[in-house]
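Let me begin by presenting the structure, written as structure tokens, before commenting on it.
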There are 2 protein chains.
Amino acid sequence: MSSAGVSRTEQKERTRRAILDAALTLAEDGGLAALSLRQVAKEIGIVPTAFYRHFASIDELGLSLVTEAFDALRALLRDARAIPEETDSEWDLAVSIADKSIDAVVAHARQSDRQLRFIARERLAGPAAVRDAVRHQLELVERELATDLAHLPFTRAWSASDLAVLSNLLVNAMLSHVEELSRATSAADTRRIADTARRQLHIVLVGALRWDSSK
Amino acid sequence: MSSAGVSRTEQKERTRRAILDAALTLAEDGGLAALSLRQVAKEIGIVPTAFYRHFASIDELGLSLVTEAFDALRALLRDARAIPEETDSEWDLAVSIADKSIDAVVAHARQSDRQLRFIARERLAGPAAVRDAVRHQLELVERELATDLAHLPFTRAWSASDLAVLSNLLVNAMLSHVEELSRATSAADTRRIADTARRQLHIVLVGALRWDSSK
DNA sequence: TTCTTCGGTGAACGGCTGTTCACCGAAACT
DNA sequence: AGTTTCGGTGAACAGCCGTTCACCGAAGAA
């Protein structure tokens, strides 16, 4: 065990977190499928077999990582969804939403980048079970976002499928932005990438404002 | 060797292609980093050591796959770029471009889906060398697309950075569409997904038509 | 026909993989 | 104080990994 003065349950939770944490970091090279239990164990200073005191198998670790990653993604969306302000025009409202959303993406990309990039990565490269779990959760997230979008003034006349289409576009774009932000090497870099993301979101929202579901 | 009546150089090329082909397929589970030389060898019916008659190492195979994948992506863009028609309005032009592009994406996703998804996957999950190569090639592709976009009428007043922003958005969206198309399980499914892609592209182009770089 | 080239073979290397088991020692419960 | 619980240990398992080497046999060149 590591340090003294902590209860056994607390120490167990501490080790569990260390495993999840190390796995999230080590999976950045080559994806979860290329991660080994022994790498994780070595990284956090336990013997490989101790891993099984916390997870029944490597697959179970993968699914726990999915849960943790989506906690982070939902937290991001909760922040981005913060009540839209009163504005003079639909366009001002859209700009306000876009800016708030980009701020939320930048903030959460900073503190949860490994979790968010885990989603983008394992949705394409994960072991089958993880890939399917990620895709399923992403579908749910897209549906939630679609119902939020439905409450905005400019989507009043939109069909459900158009809302789903826009939601899908926004979620994919957001994950791309997180990825690009993670590669920033300076504060100026971060601002530049955030500005790109903002402009893309503006373009999309301009398009959405002019959209007509009946067309 | 397999069959008779073929020259040695031809047979060598045939085996090389079989290696690339099997690697592309096997990498769909877990990504390139989780691919093993021995899986590939077993798949195509050669002994593991014969692999080295074609590639100096596994890393070199990865880089060859990058080359092949980007041949497919550039072919897609070449088709999508087909000379824009004469139209009555900017909007009709945009619709025409969008529809042609989506048709090209659907067609190439059908025949080169493993190559195109390789790009989307390994850009996030590949071994460092492959990841870097994919990102570098994607940057080049985005730059090429940006110069193409610059020739469209509605981008006449656009700044270079706005062109890059739109190009980045379009390339990312395209890779997302390829991924979704690959999961289609029926012709109707494909049409539904293609329609989603088309609507997203329409939204973006509506936004782009109204865009003002000086804002 | 003789000689060379070369793609494929099979054994072998050291090392890494996930998982199992019996065991230890300290925390927690009675 | 005695007993149970349980996270971490170390050995062991069968199996896969990338790469090397000497070798074979047929295609191609002389």
Side-chain angles (χ1 to χ4, degrees), chain A residues 1-23 25-27 29-65 122 125-130, chain B residues 1-23 25-27 29-65 122 125-130:
Chain A
M1 301 258 198
S2 64
S3 55
V6 296
S7 76
R8 197 149 64 174
T9 56
E10 185 180 352
Q11 179 57 43
K12 177 164 189 181
E13 180 57 23
R14 206 175 281 191
T15 302
R16 190 189 138 94
R17 275 242 47 82
I19 292 175
L20 290 167
D21 216 59
T25 297
L26 291 170
D29 286 343
L32 188 60
L35 179 72
S36 88
L37 180 163
R38 294 173 120 99
Q39 284 174 54
V40 174
K42 176 170 287 187
E43 177 78 9
I44 67 173
I46 61 173
V47 94
T49 55
F51 172 88
Y52 292 95
R53 300 293 178 204
H54 304 272
F55 300 93
S57 67
I58 276 236
D59 294 338
E60 200 185 282
L61 167 64
L63 296 179
S64 296
L65 288 172
E122 305 308 331
V130 167
Chain B
M1 300 266 196
S2 61
S3 55
V6 297
S7 76
R8 197 149 64 173
T9 56
E10 186 179 351
Q11 179 56 44
K12 178 164 188 181
E13 180 56 23
R14 207 174 281 191
T15 302
R16 190 189 139 94
R17 276 244 46 83
I19 292 174
L20 290 166
D21 216 59
T25 297
L26 291 170
D29 285 343
L32 188 61
L35 179 71
S36 88
L37 180 164
R38 294 173 121 98
Q39 284 174 56
V40 175
K42 176 170 287 187
E43 177 78 10
I44 66 173
I46 61 172
V47 92
T49 56
F51 171 88
Y52 292 95
R53 301 293 177 201
H54 304 273
F55 300 95
S57 67
I58 276 238
D59 294 337
E60 201 186 282
L61 167 64
L63 296 179
S64 295
L65 288 172
E122 305 308 331
V130 167

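Residue numbering restarts at 1 for every chain, and letters A, B, ... go by the order of the sequence lines. Quick note: numbers below take in every heavy atom, side chains included, and nothing from hydrogens, waters or symmetry partners.
- Contact record, A:Ala34 with A:Gln39: O-NE2, 3.7 Å, taken as the closest heavy-atom pair.
- Atom CG of A:Leu26 and atom P of C:dT17 are 11 Å apart (whole Å).
- Judged by closest nucleotide on DNA chain D, A:His54 is the one of B:Pro48 and A:His54 placed further toward the 5' end.
- Note that CD of A:Glu60 is 11.0 Å distant from OH of A:Tyr52, once rounded to the nearest 0.5 Å.
- If you take CD of A:Gln11 and P of C:dG25, they are 19 Å apart, rounded to a whole angstrom.
- Residue A:Ser36 places at least one side-chain N or O under 4.0 Å from the OP1 or OP2 atom of C:dT17.
- At distances below 3.5 Å, at least one donor-acceptor pair connects side-chain atoms of A:Glu122 with backbone N or O atoms of A:Leu32.
- Nearer the 5' end of DNA chain D, as judged by each residue's closest nucleotide, is the contact made by A:Ala50, out of A:Ala50 and B:Tyr52.
- The shortest side-chain heavy-atom distance between A:Asp59 and A:Pro127 does not fall under the 4.5 Å cut-off.
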A:Phe55 and A:Arg16: CA distance, side-chain angles, deciding distance, side-chain contact (heavy atoms from CB on, under 4.5 Å) verdict: CA-CA 9 Å; A:Phe55 300 93; A:Arg16 190 189 138 94; 3.4 Å; yes
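- Here A:Arg14 pairs with A:Glu10 in a salt bridge; the nearest charged N to carboxylate O distance falls below 4.0 Å.
- Between A:Leu37 atom CG and D:dC16 atom P there is a gap of 18 Å when expressed in whole angstrom units.
- Counting any heavy atom pair closer than 4.0 Å across all strands shown, A:Phe51 reaches no nucleic acid atom.
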Can you check nucleotides 26-30 of chain D for protein contacts, nitrogen or oxygen pairs under 3.5 Å, and list what you find?
unit_1 : atom_1 : unit_2 : atom_2 : d
D:dG28 : OP1    : B:Arg8 : N      : 3.1

Using a cutoff of under 3.5 Å, can you pull out all pairs of nitrogen or oxygen atoms linking the protein to nucleotides 11-14 of chain C, with atom names and distances?
none

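- When each of D:dC17, C:dA22, C:dG8 is scored by its nearest atom to the side-chain atoms of A:Arg53, the top-ranked nucleotide is C:dA22.
- Between B:Ile19 and B:Ile44, the shortest heavy-atom distance links the atoms CG1-CD1, 3.5 Å.
- The CG atom of B:Leu61 sits 11 Å away from the P atom of D:dG18 (whole-angstrom rounding).
- Across all their heavy atoms, A:Ala41 and A:Pro48 have their closest contact at CB-CA, 3.7 Å.
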Test log, rule side-chain contact (heavy atoms from CB on, under 4.5 Å), inputs B:Leu35 and B:Asp29: CA-CA 8 Å; B:Leu35 179 71; B:Asp29 285 343; over 6 Å; no
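- Within the 4.0 angstrom heavy-atom criterion, only backbone atoms of the sugar-phosphate kind lie near A:Leu35; the bases stay farther away.
- Atom P of nucleotide D:dG7 and atom CD1 of A:Ile19 are separated by 11 Å, given to the nearest angstrom.
- Among all heavy-atom pairs drawn from B:Leu65 and B:Ala23, the shortest one is CD1-CB, 4.0 Å.
- The side chain of B:Thr15 places an N or O atom within less than 4.0 Å of a non-bridging phosphate oxygen (OP1 or OP2) of C:dG8.
- Between the CZ atom of A:Phe55 and the P atom of D:dG7 there is a distance of 13 Å, rounded to whole Å.
- Remark: P of C:dC6 and CD1 of B:Ile46 are 18 Å apart, rounded to the nearest angstrom.
- Rounded to whole Å, the distance from CZ on B:Arg16 to C1' on C:dC6 is 17 Å.
- Of the candidates C:dT17, D:dT19, D:dT9, the closest approach to any side-chain atom of B:Ile58 belongs to D:dT19.
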